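Accompanying notes for the structure given below.
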Amino acid sequence: MNETSTETRSVVVEREIAYPPEKIWRALTQPHLIEEWLMKNDFKPVVGHSFNLRGDWGGVLDCEVLAVEPNRALSYAWNFAHDDAAYNLKSVVNFTLTPTSTGTHLRMEQSGFRPDQKQAFGGAKAGWQQFFAKLEQVLARTD
């Protein structure tokens, strides 16, 4: 085994959002809101809680909450079991919320993509852009 076999890549999406961290936090942690912008779920913002994200495409992601800092940071394992190694993904999603003078800087990083997972990596890059667009729509219409 050589060094390159352990290298992984990350997808990073950052947005300046004109809402306070508390409002964005609700959209990141309340199951009915998560369903509107991400996927159906049984999420609870409790470290160690295992939950599933169920995609419209029929896939189920096995997740576990790793870190919760209300209004500041959220982290969870995001795993997709698949017989094909190129799709068998073990990753971690980290959200970081930083207050700004105009709202919040939201940063999402999904790490753990192996070099042989080009399609999964590309899908995540495109998918997170769509998820964030939906998240902003949810924020615009919720109190």
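Just so it is clear, the structure is predicted and the values come from calculations on it, not from any experiment. Positions are given from 1 along the sequence.
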Is there a donor-acceptor pair closer than 3.5 Å between any side-chain N or O of Asn41 and the backbone N or O of Met39?
yes

Show the numbers, then the answer: is there a side chain to side chain contact (heavy atoms under 4.5 Å, CB included) between Leu97 and Leu28?
CA-CA 11 Å; Leu97 294 83; Leu28 294 179; 3.8 Å; yes

For the pair Arg114 (side chain) and Ala85 (backbone), establish whether a donor and an acceptor sit closer than 3.5 Å, ignoring hydrogens and angles.
yes

Establish, from distance only, whether the side-chain atoms of His105 and Glu14 form a donor-acceptor pair under 3.5 Å.
yes

Kindly give the heavy-atom pair with the smallest separation between Leu135 and Ala27, and that separation in Å.
CD1-CB, 3.6 Å

Are Ile34 and Ile24 connected into the same hydrophobic cluster when the rule is that any two of I, L, V, M, F, W, Y join if their side-chain heavy atoms are below 4.5 Å apart?
yes

Quick check: does any side chain N or O of Lys23 sit under 3.5 Å from a backbone N or O of Thr142, one acting as donor and the other as acceptor?
yes

Geometric cation-pi criterion, Arg9 with Phe113: 6.0 Å, 45°:
no

Candidate pair Glu36 and Gln30, rule side chain to side chain contact (heavy atoms under 4.5 Å, CB included), full reasoning
CA-CA 10 Å; Glu36 287 188 48; Gln30 292 184 357; over 6 Å; no

Would you kindly check if the NZ (Lys) or CZ (Arg) of Lys134 is within the cone defined by 45 degrees around the ring axis of Phe131 and under 6.0 Å from the six-membered ring centre?
no

So, Ser50 side chain and Glu64 main chain: donor-acceptor pair closer than 3.5 Å or not?
no

Between Val92 and Val13, is there a shared hydrophobic cluster once you connect ILVMFWY residues whose side-chain heavy atoms come closer than 4.5 Å?
no

Parallel, tilted or perpendicular: ring planes of Tyr76 versus Phe95, cut at 30 and 60 degrees
tilted

Going by atom types alone, do Asn88 and Asp83 pair a side-chain donor with an acceptor below 3.5 Å?
no

As an exercise, state the distance from CH2 of Trp25 to OG1 of Thr104, rounded to the nearest 0.5 Å.
12.5 Å

Give the minimum heavy-atom separation between His82 and Tyr87, together with the two atoms involved.
CG-CB, 3.7 Å

When you group the ILVMFWY residues by side-chain heavy-atom contacts below 4.5 Å and let the links chain together, are Phe80 and Leu66 in the same group?
no

Is a donor on one side and an acceptor on the other found under 3.5 Å between the side chain of Asn79 and the backbone of Cys63?
no

Is it the case that atom CD in Gln119 sees more than 12 heavy atoms from other parts of the structure closer than 6.0 Å?
no

Linking I/L/V/M/F/W/Y whenever any side-chain heavy atoms sit under 4.5 Å apart, do Phe51 and Trp37 land together?
yes

Just checking, any donor-acceptor pair under 3.5 angstrom between side chains of Gln110 and Trp128?
yes

Supply the atom-to-atom distance Phe121 CZ to Asp116 CG, rounded to the nearest 0.5 angstrom.
13.0 Å

Is the number of heavy atoms from other residues, nucleotides or ligands within 6.0 Å of NZ (Lys125) greater than 12?
no

State whether the side chain of Asn52 and the backbone N or O of Arg54 hold a donor-acceptor pair below 3.5 Å, judged by distance alone.
no

Give the cluster check for Val47 versus Leu53: same hydrophobic cluster or not, with ILVMFWY residues linked at side-chain heavy-atom distances below 4.5 Å.
yes

